[in-house]
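Notes to accompany the following structure.
In each ligand, atom 1 is the first atom listed, and ligand 1 is the first ligand listed.
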Amino acid sequence: MNRETPDARSRLAVALDLSDRTALLAMARLLAPEAGVLKVGLEAFVAEGPTLVRDLVASGADVFLDLKLHDIPNTVSRAAAAAVRTGASVVNCHALGGAEMMKAFGEGARSAAAKAGLDAPKLIAVTILTSLDAAAVRAVGLGGSPREAALRLAILAKESGLDGVVCSPEEIETIRAALGGDFLLVVPGVRPRSGAAGDQRRVATPADAIRAGADLLVVGRPITAASDPAAAARAIVAEIAAAR
Ligand code: C5P
């Protein structure tokens, strides 16, 4: 995830959105050599729980535990602590939970890591889901464009002491310019040129997202639903390497 790293693989997180433990672990084994980060999201976590995350960490993987926590500060602080105890390298919450919630998220996570003798994980906040377009953002009552809303939330996340945000490809340049080179930008909604967008609305190619300033690209179905997932991941890593 280091922007200066020579290893393009470390810039790819594969979303392992599968609910079957055996299938997920097989996909993880196949993709671990190709991608720097394996992402466990709600589908897999609700089905298989923290044991699955611990098993992936024990296999040597860097795991992004994508739970998008969003609740009152006390609950989020405790859930963040439990998430960190799985050994995940990246954990997240929703910026829409507000500044107090994000501060509680950071404090809960960092103190749990210190108590467990773990490296502090990267703590990030989701700004606006990449599946929401401008009309959907207006419909939930947020003012301004998705880009303006995402920038406001990213500033709030930084002020709340978090390491970075999840944002769509369309917001990378704006947030990077406002918040500087050290703020981690994790970007889903990434589609290889030939891929279908699915339910993602604000999308870009891997090369465009990297050139715009993304640190870590999150890609799920274009890899996991491909006939040859390892080859699909390798093609994206090659695109990342060529873009830098
Ligand atoms: O299959 P696809 O490439 O669309 O997967 C994207 C992944 O990124 C999913 O696991 C989704 O939950 C996650 N994500 C997202 N938009 C966000 C935050 C996370 O699509 N804002």
Side-chain angles (χ1 to χ4, degrees), residues 1 11-19 23-24 27-28 31 34-48 52-53 56 63-70 83 88 90-97 102 105 122-134 136-137 140 142 146-147 149-154 156-157 162-172 174-175 184-206 208-210 214-226 229 232-233 235-237 239-240:
M1 271 177 296
R11 311 280 291 272
L12 175 63
V14 181
L16 298 173
D17 292 327
L18 303 164
S19 52
L24 189 148
M27 188 67 80
L31 294 172
E34 316 298 344
V37 178
L38 300 180
K39 186 174 87 66
V40 172
L42 282 179
E43 181 179 351
F45 191 80
V46 171
E48 295 295 340
L52 172 73
V53 181
L56 287 170
V63 176
F64 171 7
L65 182 51
D66 180 19
L67 298 179
K68 301 187 181 70
L69 299 174
H70 188 174
V90 186
V91 294
N92 65 358
C93 66
H94 263 292
L96 282 168
M102 286 192 276
F105 169 75
K122 294 294 180 197
L123 303 174
I124 59 178
V126 175
T127 53
I128 301 289
L129 292 171
T130 40
S131 54
L132 301 181
D133 59 14
V137 166
V140 295
L142 293 178
R147 184 176 302 160
L151 177 60
R152 267 198 319 272
L153 291 165
L156 201 62
L162 300 189
D163 301 309
V165 290
V166 182
C167 66
S168 96
E170 290 175 9
E171 291 116 33
I172 299 169
T174 305
I175 296 176
L184 197 65
L185 299 188
V186 176
V187 179
V190 173
R191 292 291 177 262
R193 220 164 275 284
S194 57
D199 54 356
Q200 299 285 15
R201 290 291 170 263
R202 291 173 291 132
V203 299
T205 65
D208 287 343
I210 288 292
D215 294 302
L216 182 67
L217 307 185
V218 176
V219 186
R221 291 160 291 181
I223 295 173
T224 55
I236 290 172
V237 169
E239 211 184 310
I240 293 171

Under 4.0 Å from a heavy atom of [X]: which atoms of ligand 1 are those, numbered in the order shown and with their elements?
X	answer
Asp17	9 (C), 10 (O)
Arg221	1 (O), 2 (P), 3 (O), 4 (O)
Ala15	7 (C), 10 (O)
Leu129	17 (C), 21 (N)
Val126	21 (N)
Lys68	12 (O), 14 (N), 18 (C), 19 (C)

message: Once you restrict to heavy atoms under 4.0 Å, what part of Thr130 touches ligand 1? Side chain, backbone, both or neither.
response: both
- line: Going by the 4.0 angstrom heavy-atom rule, the piece of Cys167 near ligand 1 is neither
query: Hey, does Leu56 have a side-chain heavy atom less than 4.5 Å from the side chain of Leu24?
result: yes
Candidate with minimal heavy-atom separation from atom 2 (P) of ligand 1, of Arg191, Glu43, His94: Arg191
Salt-bridge contact Lys39-Asp66 (side-chain N to carboxylate O under 4.0 Å): yes
- prompt: N/O to N/O below 3.5 Å, does that happen between Gly220 and ligand 1?
  reply: yes
message: Looking only at side-chain N and O atoms, does Ser168 offer a donor or acceptor that is under 3.5 Å from a partner on Glu171?
response: yes
